[in-house]
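These notes are about the structure you will find just below.
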Protein chains: 2
Amino acid sequence: MHVSEPEAKALHAKLSQWGPLSAANWEKLLALAEPRSLAKQEFWSEPSKPVEHFAIVRSGLVRHFYVDARGRESVKAFRGPGEFSAPYAELIQRKPSRTFIQALAPTELLTFEVTGFDALAENSLELQRLARRFVEQHFVAKEQREYEFLQLSAEQRYQQFCAERPEHLSHIPQHQVASYIGITPVALSRIRARVAKSSRRT
Amino acid sequence: MHVSEPEAKALHAKLSQWGPLSAANWEKLLALAEPRSLAKQEFWSEPSKPVEHFAIVRSGLVRHFYVDARGRESVKAFRGPGEFSAPYAELIQRKPSRTFIQALAPTELLTFEVTGFDALAENSLELQRLARRFVEQHFVAKEQREYEFLQLSAEQRYQQFCAERPEHLSHIPQHQVASYIGITPVALSRIRARVAKSSRRT
DNA sequence: TGGCCGCGTTATCCCGGGTTAAGAAGTGGA
DNA sequence: TCCACTTCTTAACCCGGGATAACGCGGCCA
């Protein structure tokens, strides 16, 4: 056991949001957990490595991102305490990863081996249901993001981000926020200048 | 029973892609199915109506789209024979729909009541697992779309669409393809002109 | 048959954002 | 402490794509 009693309780409560999770199953899940520490800037997932673990962030902050052929990065997600971190699509497809995951600050993870989880879940109605609800919520989040790219301007996407993740704003370098909303750092800087000027006039 | 024996077999095979599906469960599912016909241009889902059904397209073609406050449409998806059609995110969240679904041609659907399916699945390991795999694939598809918006230009997105859905190209009005890839009809026309010119030179 | 409408194309003008470059401010390591 | 690096900003220039409008074409209906 690598997790303190109160933390285990908190995690159990968190997971129970998605559906019932018996004490017995929670015990078995917890037995799979391996803690892992990341230094600032350290990677815990890189392309072409097979995906063998997923993780919950205990503390700190990570970013998920792609890098294209010309070396340009596109940030897919930021994940903080209590949130899930993994190259999820590749894990689902059992394909080698094409995403990087990097710590933006000293970070503590709780990692779980995929095969271990699958073995547990294979014959458990409860865990299948939990896993289903879990993916469903991630699906909804992706669809929300699709909506933002289809219907919102870059400026609106930025304001949406500020409104939704205020806790991250001060810890994430601005050029990575720009990447997350699909524009360049220079463009975001201009947008911020525009917004600041118009709100000063108001 | 509203479905012919061979069609039922084909559907069973299709669903079995996602995982095992016993004959007994398939019978029960099939008993929930209600056929529905749509005329060209007809809607079968509209915003603010509660979502009570999902569907499989038997024949024809539908589009899923948003409409913003200024009346501008953004196409989320096209779905043809054998594919799933529903305001899925809203169905997951049990929220009133914010998407339109409209037939682009005379279309035959097989609809299923959500509550009926849920009741069936609630205590079935097999159906939970099937549903989980199903959402997982949809999640992967959304992430692929996120990737395209983050890393590809409009022209690349268009070529990607042509390569992936060639069977739809001739049946979908071009301005809706434009909307799907996130640009205006005028812009798509220009892109096509550009591509045609450069490929003529080659 | 004639008129109408939806669709695609093209032209013009404009704007948002990409690109490049330079400089200022902050940060961390030797 | 000082130097190097990262981050952010600003400016200049360019380009893709948005907005609008005009035109042509084909389908549809009276």
Side-chain angles (χ1 to χ4, degrees), chain A residues 39-42 61 63 65 67-75 78 102-106 148-162 168-200, chain B residues 39-42 61 63 65 67-75 78 102-106 148-162 168-200:
Chain A
K40 188 173 177 175
Q41 312 288 19
E42 189 176 348
L61 181 61
R63 63 192 257 252
F65 64 105
V67 179
D68 73 8
R70 274 176 298 178
R72 287 190 302 204
E73 303 182 354
S74 301
V75 176
F78 301 102
Q102 184 186 32
L104 294 182
E148 288 165 15
F149 278 110
L150 282 173
Q151 295 226 319
L152 302 184
S153 66
E155 179 171 334
Q156 287 173 311
R157 292 202 298 277
Y158 175 63
Q159 290 179 325
Q160 185 97 359
F161 180 82
C162 295
H168 289 167
L169 262 187
S170 49
H171 303 107
I172 300 175
Q174 194 172 298
H175 66 274
Q176 291 179 8
V177 175
S179 172
Y180 178 75
I181 62 177
I183 61 178
T184 59
V186 181
L188 179 55
S189 185
R190 279 188 298 229
I191 287 174
R192 284 163 48 83
R194 224 154 57 206
V195 170
K197 198 192 295 178
S198 79
S199 73
R200 220 179 307 123
Chain B
K40 188 173 178 175
Q41 312 288 17
E42 189 176 347
L61 182 61
R63 64 192 257 251
F65 64 105
V67 178
D68 73 8
R70 273 176 299 177
R72 286 190 304 202
E73 303 182 354
S74 302
V75 176
F78 301 102
Q102 183 187 31
L104 294 182
E148 288 166 14
F149 277 111
L150 282 173
Q151 294 226 320
L152 303 185
S153 66
E155 179 172 333
Q156 288 172 312
R157 292 201 298 277
Y158 175 62
Q159 290 179 324
Q160 185 97 0
F161 180 81
C162 294
H168 289 169
L169 263 187
S170 48
H171 304 108
I172 300 175
Q174 195 171 298
H175 67 272
Q176 290 178 8
V177 174
S179 172
Y180 179 75
I181 63 177
I183 61 178
T184 60
V186 181
L188 179 54
S189 185
R190 278 188 299 229
I191 287 175
R192 284 163 50 82
R194 223 155 58 207
V195 170
K197 198 193 295 178
S198 79
S199 73
R200 222 180 304 124

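- Inter-residue side-chain proximity for A:Arg63 and A:Glu73 is flagged as met; some heavy-atom pair is nearer than 4.5 Å.
- No donor-acceptor distance shorter than 3.5 angstrom exists from the side chain of A:Gln176 to the backbone of A:Pro173, with no hydrogens or angles considered.
- The B:Val186 side chain lies nearest to D:dT20 when the options are D:dT10, D:dT20, C:dG8.
- A straight line from CZ of A:Arg190 to P of D:dT9 spans 12 Å, rounded to a whole angstrom.
- Rounded to whole Å, the distance from CZ on A:Arg70 to P on C:dG18 is 12 Å.
- Counting heavy atoms from C-beta outward, A:Val195 and A:Glu155 have side chains that approach closer than 4.5 Å.
- Closest approach to the A:Ala187 side chain among C:dG17, D:dC8, D:dA11 is made by C:dG17 (side chain taken as heavy atoms from C-beta onward).
- Contact annotation: A:His175 side-chain N/O to D:dT6 OP1/OP2 distance is not under 4.0 Å.
- Each of C:dT9, C:dT10, C:dG18 was ranked by its minimum atom distance to the side chain of B:Ala193; first place goes to C:dT10.
- For C:dC7, neither phosphate oxygen OP1 nor OP2 lies less than 4.0 angstrom from any side-chain nitrogen or oxygen of B:Gln176.
- Side-chain atoms of B:Ser74 never come within 3.5 Å of backbone atoms of A:Gln151 as a donor-acceptor pair (strictly under, hydrogens ignored).
- To the nearest angstrom, P of D:dG17 lies 13 Å from CZ of B:Phe149.
- Between the CD1 atom of B:Ile191 and the P atom of C:dT9 there is a distance of 12 Å, given to the nearest Å.
- Side-chain atoms of A:Arg72 lie closest to C:dT19 of the nucleotides C:dT19, D:dT9, C:dG17.
- Here B:Arg194 reaches the OP1 or OP2 of D:dG17: one of its side-chain N or O atoms lies under 4.0 Å away.
- Regarding A:Arg157, its CZ atom lies at a distance of 8 Å from the P atom of C:dG17, rounded to whole Å.
- At the heavy-atom level, A:Ser189 lies under 4.0 Å from base atoms of the strands shown.
- Atom-to-atom, CD of A:Gln156 to C1' of C:dG16 comes out at 13 Å; the value is rounded to the nearest Å.
- Using a 4.5 Å heavy-atom threshold, the side chains of A:Phe78 and A:His171 count as separate.
- Between A:Leu152 atom CG and C:dG16 atom P there is a gap of 16 Å when expressed in whole angstrom units.
- The A:Thr184 side chain lies nearest to C:dT19 when the options are D:dA21, D:dT7, C:dT19.
- Between the CZ atom of B:Arg192 and the P atom of C:dC7 there is a distance of 15 Å, rounded to whole Å.
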